[in-house]
Chemist: 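Structure incoming, see below.
The basis for the numbers below is simple: all heavy atoms, side chains too, and nothing from hydrogens, waters or symmetry mates. Predicted, not measured: the structure shown is a model, and the values here were computed from it.
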Amino acid sequence: MGSAVECRRVDPEVTLVVLGPVPSFEELYDAQVEFVWRTLRRLGVPEAALDDATQEVFMVVHRRLPEFQARSSLKTWLFAIAHHVAQTERRRHATEPLPELLAAADSLSPHAASVLKQELQRLYLLLEQMDDERRAVFVMVEMEEMSAPEIAEALQLNLNTVYTRLRAARAQFNEAIGRQQASESRSAPWTK
């Protein structure tokens, strides 16, 4: 484990004091690999490429961890790296169809597993319709429960830009849900 308190010079006028332990690469990997994998998937990395993309994120982390300046939380820093890797992977796999989303749902009934799978497919299809900027903010807020200041730091954006993208992403998401529900109600058989 790293030192308990570490002072780092960010620029000539600012020195950051990192309180608490700076984790080793192995500790960071163990604590955050699921977050990185989940984030990459939610940012549109095809399931078949998730393991490689996760490895790519942690290769960058391994290379850059000694340079981490604690200007943001480790989670925010990891998200920024994952966001960059996800953009690259999405471009590389742009024409691939969505993979199976649930490998196993042992604890659910067959009906519940089917409903959950359909809902997850719907979610990922709706996320696919968003541009990268809106999608990243939406995923960070709605799925990873990160704050707007954390997002601004991770994506190096103005805080107002984060809020603008979030409003636009929520509106787009809600409109798409409304269109799907309207379409489903028009195509549902009438019962008497």
Side-chain angles (χ1 to χ4, degrees), residues 32-54 56-57 75-76 78-190:
Q32 299 296 332
V33 68
E34 289 180 18
F35 165 74
V36 169
W37 190 94
R38 186 176 61 242
T39 298
L40 289 167
R41 181 63 191 108
R42 289 175 174 170
L43 290 175
V45 173
E47 196 165 334
L50 280 172
D51 290 340
D52 289 341
T54 301
E56 178 64 27
V57 167
K75 188 173 182 180
T76 303
L78 285 170
F79 189 94
I81 295 168
H83 180 254
H84 178 73
V85 170
Q87 287 179 316
T88 303
E89 286 297 320
R90 285 184 69 209
R91 281 191 294 272
R92 185 178 301 148
H93 300 282
T95 60
E96 291 184 12
L98 278 176
E100 288 295 317
L101 297 172
L102 292 177
D106 297 334
S107 63
L108 300 175
S109 69
H111 176 72
S114 175
V115 169
L116 178 59
K117 182 176 179 177
Q118 289 173 355
E119 292 301 316
L120 284 172
Q121 286 174 329
R122 181 186 310 202
L123 170 64
Y124 282 105
L125 287 171
L126 292 174
L127 289 174
E128 282 294 323
Q129 295 171 14
M130 288 184 192
D131 63 33
D132 285 343
E133 291 81 18
R134 289 180 184 174
R135 181 181 184 146
V137 171
F138 187 83
V139 166
M140 291 173 89
V141 169
E142 300 296 343
M143 298 174 163
E144 294 300 334
E145 300 177 350
M146 295 175 78
S147 70
E150 287 177 310
I151 297 165
E153 181 69 34
L155 301 179
Q156 298 178 345
L157 297 172
N158 177 292
L159 188 57
N160 288 333
T161 302
V162 171
Y163 287 122
T164 299
R165 288 181 183 177
L166 180 58
R167 272 192 305 279
R170 284 176 172 163
Q172 182 179 353
F173 188 82
N174 290 333
E175 288 171 14
I177 292 284
R179 282 192 307 272
Q180 279 189 347
Q181 290 172 342
S183 175
E184 289 169 4
S185 67
R186 283 193 303 266
S187 63
W190 291 96

Chemist: Please collect all side-chain hydrogen bond (donor to acceptor under 3.5 Å, both in side chains) contacts where either partner lies in residues 138-158, sequence neighbours excluded, each pair once.
Modeler: R38-E144, R42-E144, E142-R170, S147-E150
Chemist: Side-chain contact, heavy-atom cut-off 4.5 Å: L155 with M140?
Modeler: yes
Chemist: Quick one: closest heavy-atom pair of A176 and Q129, and the distance?
Modeler: CB-OE1, 4.1 Å
Chemist: For M130 versus A169, what's the shortest heavy-atom pair and its separation?
Modeler: CE-O, 3.5 Å
Chemist: Can you tell me how far the CE atom of M143 sits from the CG atom of L43, to the nearest 0.5 Å?
Modeler: 9.5 Å
Chemist: State, to 0.1 Å, how close A80 and A154 come at their nearest heavy-atom pair, and which atoms those are.
Modeler: CB-O, 3.0 Å
Chemist: Could you tell me which residues satisfy salt bridge (charged side-chain N to carboxylate O under 4.0 Å, His left out) with D51, sequence neighbours excluded, listed by chain and number?
Modeler: none
Chemist: Can you name the side chain to side chain donor-acceptor pair (under 3.5 Å) partners of Q87, sequence neighbours left out?
Modeler: none
Chemist: With D132, which residues qualify under side chain to side chain donor-acceptor pair (under 3.5 Å), at least two apart?
Modeler: R90
Chemist: Does some side-chain heavy atom of L40 sit less than 4.5 Å from a side-chain heavy atom of E56?
Modeler: no
Chemist: Between V57 and A82, what is the shortest heavy-atom contact and its length?
Modeler: CG2-CA, 3.8 Å
Chemist: R165: what forms a salt bridge (charged side-chain N to carboxylate O under 4.0 Å, His left out) with it, not counting sequence neighbours?
Modeler: none
Chemist: Restricting to non-hydrogen atoms, name the atom on V45 and the atom on R41 that form the minimum distance, rounded to 0.1 Å.
Modeler: O-NH1, 3.1 Å
Chemist: Pair Q172, L126 - check side-chain contact (heavy atoms from CB on, under 4.5 Å), show working.
Modeler: CA-CA 9 Å; Q172 182 179 353; L126 292 174; over 6 Å; no
Chemist: To the closest 0.5 Å, what do you measure between CG (L123) and CD (E119)?
Modeler: 9.0 Å
Chemist: Rounded to the nearest 0.5 Å, what separates atom CG in D52 from atom CD in E89?
Modeler: 7.0 Å
Chemist: I need the full list of ring-ring contact (aromatic ring centres under 6.0 Å, His included) pairs touching residues 141-163, with sequence neighbours left out, sorted by first then second residue.
Modeler: none
Chemist: Grab the two heavy atoms, one from F138 and one from L166, that are nearest each other, plus how far apart they are.
Modeler: CA-CD1, 4.3 Å
Chemist: Do I177 and Q181 come within less than 4.5 Å of each other through their side chains, counting heavy atoms only?
Modeler: yes
Chemist: Working to the nearest 0.5 angstrom, can you tell me the gap between K75 NZ and L78 CG?
Modeler: 10.0 Å
